[in-house]
Number of protein chains: 2
Amino acid sequence: MIDNLDKMILRALMTNARRSYAEIAKENGVSPATVHVRVEKMKQSGVITGAQLQVDAKRLGYDVTCFIGIILQQAGDYPKALAKLEALPEVTEAFYTTGQYSIFIKVMVRSIDDLQRLLIERIQVIDEIQSTDTLISLQNPISRDVEP
Amino acid sequence: MIDNLDKMILRALMTNARRSYAEIAKENGVSPATVHVRVEKMKQSGVITGAQLQVDAKRLGYDVTCFIGIILQQAGDYPKALAKLEALPEVTEAFYTTGQYSIFIKVMVRSIDDLQRLLIERIQVIDEIQSTDTLISLQNPISRDVEP
DNA sequence: TTTGAAAGTATTTAGGA
DNA sequence: TCCTAAATACTTTCAAA
């Protein structure tokens, strides 16, 4: 399904999604048309789902990143709780997890004050949520992709 | 520092980093050259840090995503422990956090067996680590960017 | 599946408003 | 700072191997 050339193309684009197919082609001894064909195939098969610009959240004013573990009143409340969390733009990731928490979310806000308001006024008021644990991130020293 | 046009450009590229500057220019009533200049400025000022292809980890064979909270022997062990974690390609994110854990990592592996091996043979053997808590993710229903 | 060639676009630079 | 215009480079299609 995915051969070595596909992997090379993924590796190239995962580090810099705006690199030209021409350049990647040259590096791998194939024609630009081939790179184009391979990328289209990986898009169609769902291996490639998109391309995101990476921005420095701090420079956009988001100084606080944190993780919140959520314990629900009942396990079956998951879809409702999730829908309510999705409506909060500060919630940038949500995971449905096993273990002590049912839902585990990543939140990015401008300040500790904003975090407190978000937690108290928008998250802890969600009926389906029983309690939350917050983990504030001070640094994000590793951030990278899986190996293709 | 960042004006409205910059934000529009970021919004466009954050959802699809391969969109053409020409198209973004047209949408915002400016010339392609202006978009180019703005992007270069945001790269130089560090607002834009790169562009990543998004891939479906499951289709690359990474079926298991999990979070591991790490408690260190001593707080000062952080740099050493981090360096050892960085050497493990399965560790795709690391956060230095306040609260019950010192380091909080995201791990992507091919199977639960691989997770077990990674935990026992590569992570729990790190001298500086006292103990770990693992949280397995079954789904990732929300995954998006902050608002610029 | 890959390619070369052609057509269509896009990027990037530079000069001038 | 932004634009237009021009040069260069890239992408994408397609017919053939």
Side-chain angles (χ1 to χ4, degrees), chain A residues 1-63 110 143-148, chain B residues 1-63 110 143-148:
Chain A
M1 16 155 316
I2 271 213
D3 71 4
N4 209 52
L5 176 58
D6 290 326
K7 283 189 189 173
M8 294 305 284
I9 294 170
L10 286 181
R11 241 184 277 273
L13 292 174
M14 281 164 86
T15 13
N16 179 2
R18 285 194 74 93
R19 285 191 68 193
S20 74
Y21 296 173
E23 204 183 357
I24 297 168
K26 197 181 288 180
E27 276 176 15
N28 291 282
V30 295
S31 74
T34 300
V35 174
H36 181 248
V37 169
R38 294 302 190 98
V39 169
E40 289 303 311
K41 262 189 202 157
M42 289 193 279
K43 277 185 197 164
Q44 291 219 322
S45 71
V47 172
I48 293 174
T49 57
Q52 254 186 323
L53 199 73
Q54 285 179 286
V55 298
D56 181 339
K58 292 212 175 176
R59 290 197 202 241
L60 292 181
Y62 293 89
D63 279 324
R110 299 190 174 271
S143 183
R144 61 191 175 197
D145 264 307
V146 292
E147 288 281 303
Chain B
M1 14 157 316
I2 272 214
D3 71 4
N4 209 52
L5 175 59
D6 290 326
K7 283 190 190 172
M8 294 305 286
I9 295 170
L10 286 180
R11 240 184 277 273
L13 292 174
M14 281 164 85
T15 16
N16 178 2
R18 284 194 74 93
R19 285 191 68 194
S20 75
Y21 295 173
E23 203 183 358
I24 297 168
K26 198 181 287 179
E27 277 176 15
N28 291 281
V30 294
S31 75
T34 299
V35 174
H36 180 246
V37 168
R38 294 301 190 98
V39 169
E40 289 303 311
K41 263 189 204 158
M42 288 193 280
K43 276 186 196 163
Q44 291 219 322
S45 71
V47 172
I48 293 175
T49 57
Q52 254 187 324
L53 199 73
Q54 286 179 285
V55 299
D56 182 339
K58 293 213 173 173
R59 292 198 200 239
L60 291 181
Y62 293 89
D63 279 326
R110 297 187 176 274
S143 182
R144 62 190 173 196
D145 266 305
V146 291
E147 288 279 305

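Below, read A as the first sequence line, B as the second, and so on, with proteins coming before strands; counting in each chain starts at 1. All figures in this text were calculated on a predicted structure; none of them were measured in a lab.
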*Short question: side chain of B:Arg11, backbone of B:Pro148 - any donor-acceptor pair under 3.5 Å?*
no
*Mind checking whether B:Val35 and B:Pro32 have side chains closer than 4.5 Å, heavy atoms only?*
no
*Determine yes or no for a side-chain-to-main-chain donor-acceptor pair under 3.5 angstrom, with A:Tyr21 supplying the side chain and A:Val37 the backbone.*
no
*Heavy-atom donor-acceptor pair, A:Asn28 side chain to A:Val30 backbone, under 3.5 Å*: no
*Below 4.0 angstrom from OP1 or OP2 of C:dT12, is there any side-chain N or O of B:His36?*
yes
*Near DNA chain C, under 4.0 Å by heavy atom, which residues of residues 14-24 of chain B?*
B:Ser20, B:Tyr21, B:Ala22
*asked:* I'd like to know if the side chain of A:Arg18 and the backbone of B:Arg19 have a donor-acceptor N/O pair within less than 3.5 Å.
replied: yes
*Separation of A:Glu40 atom CD from D:dC14 atom P, in whole Å?*
13 Å
*Looking at A:Ser31, does any N or O in its side chain come under 4.0 Å of the phosphate oxygens OP1/OP2 on C:dT3?*
yes
_What's A:Val37 touching, base or sugar-phosphate or nothing? Going by heavy atoms closer than 4.0 Å._
nothing
_N/O donor-acceptor pair under 3.5 Å between A:Arg110 side chain and A:Leu60 backbone_ = yes
